[in-house]
Amino acid sequence: MPELPEVETVRRGLAPALEGARIARVQARRPDLRFPLTEGFGQRLTGATVEKLERRAKYLLARLSTGETLVMHLGMTGRFQVDVDGAVDVPGGFAEPTSHDDKHAHVVFDTEAGARITFFDARRFGYMAVLPTAELDEHAWFKGLGPEPLGPDFDAAHLARAFAGKTQNVKATLLDQRIVAGLGNIYVVEALHRAGISPRRPAGKISRPRLQALVEAIRQVLQEAIAAGGSTISDYAGTDGALGYFQHDFRAYDREGEPCLKPGCGGTIRRIVQAGRSTFYCPVCQR
DNA sequence: CCCACGACCTGTGGGC
DNA sequence: TGCCCACAGGTCGTGG
């Protein structure tokens, strides 16, 4: 799944086809994704112009001329394909879906300019809704979200406040979108490795200088991943060359049994399970 | 309130 | 080859 860098990459890939475009036709090929689609989903979108395509946490936000916003979340396996005049592009570094994916082509948008944007999602953990723009901030999906990790409100002081008194391990705590918005399993694992902090350490027991190092590690890994077009975990046949390539830069994630890459460390990456998710870390240099 | 855990849904890869 | 289990980039609801 797409975490912040993948969603941002998808946003950049979709923006040329969507921003300024008028939606001519919408096909909802089933009534629900993870949740039921908004009442009148296609009708509310048809004829609307997408003024801007933005991202908040892992959500894509298409700001519409109608005063509403199309909210899209990719879940674990959601991906978009853009077809323009017969040419296929798959923004976000996901490979072109093969024909048997057609049964997972759940929503299709056609623009007046002739672009077709198709949303595929095998596991259907993704979701979409059309919501009044003025009420977005109060909606349950956005109300409690923490700051953007690449924005001005995310710093060591914020983490110190958010972590204060927490006995939960820092790995699970960083996955909580109310603390900081947009991190997922991969980038939490990578950031903790870079910061030299054990994923098992209680969040409330991290010194201020190390929180500062954590903030910098999070920013750094996200920026590098965005520059690389995100990470592509699974391989699909028929790639179009647009795959993200940050997965080649993982230092801990999915490296169980391999040597720690921190110079002079000499440790071996371990895998443990925390909050039901795999954590990878080096017991030698992460304390 | 905090936290752990199962549920949601489908596909894939490894081991036997 | 086939079968079964574990696991997958996320989030939500329940229950202690």
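Residue numbers begin at 1 in each chain, while the letters A, B, ... track the order of the sequences. Keep in mind that this is a model prediction, so the values were computed, not measured.
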Nearest-angstrom distance from the residue atom CG of A:L145 to C1' of C:dT11: 12 Å
Short side-chain N/O contact from A:H104 to OP1 or OP2 of B:dC9, under 4.0 Å: no
Phosphate OP1/OP2 of C:dT11: any A:K58 side-chain N/O under 4.0 Å: yes
Sugar-phosphate, base or nothing in reach of A:G184, heavy atoms under 4.0 Å: sugar-phosphate
Whether A:F125 stacks on the six-membered ring of C:dT11 base, 5.5 Å and 30° limits: no
Span that lies between the C1' atom of B:dG11 and that of C:dC12, in whole angstrom: 22 Å
Spacing between A:E3 atom CD and C:dA8 atom C1', to the nearest angstrom: 12 Å
Any donor-acceptor N or O pair under 3.5 Å, side chains A:R123, A:T77: no
Donor on one side chain, acceptor on other, A:K171 and A:T279, under 3.5 Å: yes
Short side-chain N/O contact to C:dA8 OP1/OP2 from A:T77, under 4.0 Å: no
Short side-chain N/O contact to B:dG11 OP1/OP2 from A:K103, under 4.0 Å: yes
Rounded distance in Å - CG (A:L174) to P (C:dT11): 14 Å
Side-chain-base donor-acceptor pair under 3.5 Å for A:R123 and C:dA8: yes
Any donor-acceptor N/O pair, A:E112 side chain to A:A21 backbone, under 3.5 Å: no
Short side-chain N/O contact to C:dC7 OP1/OP2 from A:R271, under 4.0 Å: yes
Euclidean distance for P, C:dT14 against B:dC9 (whole angstrom): 15 Å
Whole-Å gap separating P (B:dT10) and CG (A:D121): 10 Å
Atom pair distance, as rounded to whole Å: CG in A:D176 and P in B:dC3: 9 Å
A:R124 CZ to C:dT11 C1', straight-line distance once rounded to whole Å: 16 Å
Between P of B:dT10 and CG of A:D102, the distance in whole Å: 16 Å
Whether A:F80 and A:F119 hold their rings parallel, tilted or perpendicular, with breakpoints at 30° and 60°: tilted
A:H73 side-chain N/O to C:dG10 phosphate OP1/OP2 under 4.0 Å: no
A:E51 side chain vs A:E19 backbone, donor-acceptor pair below 3.5 Å: no
Sugar-phosphate, base or nothing in reach of A:A275, heavy atoms under 4.0 Å: nothing
Ring centre gap for A:H73 and A:Y127 strictly below 6.0 Å: yes
salt_bridge(A:D83, A:R116) N-O dist < 4.0 Å: no
Distances under 3.5 Å between protein N/O atoms and the N/O atoms of nucleotides 12-16 of chain C, please, pair by pair.
| unit_1 | atom_1 | unit_2 | atom_2 | d |
| --- | --- | --- | --- | --- |
| C:dC12 | O4' | A:R34 | NH2 | 3.0 |

Sugar-phosphate only, base, or nothing, as touched by A:R178 at under 4.0 Å among non-hydrogen atoms: nothing
Qualifying residue, where the test is side chain to side chain donor-acceptor pair (under 3.5 Å) with A:R194 and the options are A:Q286, A:E224, A:E216: A:E224
Under-4.0 Å side-chain N/O to phosphate OP1/OP2 contact, A:Q168 with B:dA4: yes
Parallel, tilted or perpendicular, as decided by the 30° and 60° cut-offs, for the rings of A:W141 and A:Y59: parallel
Runs of at least three Watson-Crick or G-U pairs with DNA chain B, cut-off 3.5 Å: B:2-8 with C:10-16, B:10-16 with C:2-8
Residues that A:Q43 engages under side-chain hydrogen bond (donor to acceptor under 3.5 Å, both in side chains), provided they are two or more places apart: none
Rounded interatomic separation in angstrom, taking CD1 from A:I179 and C1' from B:dC3: 13 Å
Spatial distance of atom CZ (A:R56) from atom OG1 (A:T69) [nearest 0.5 Å]: 14.0 Å
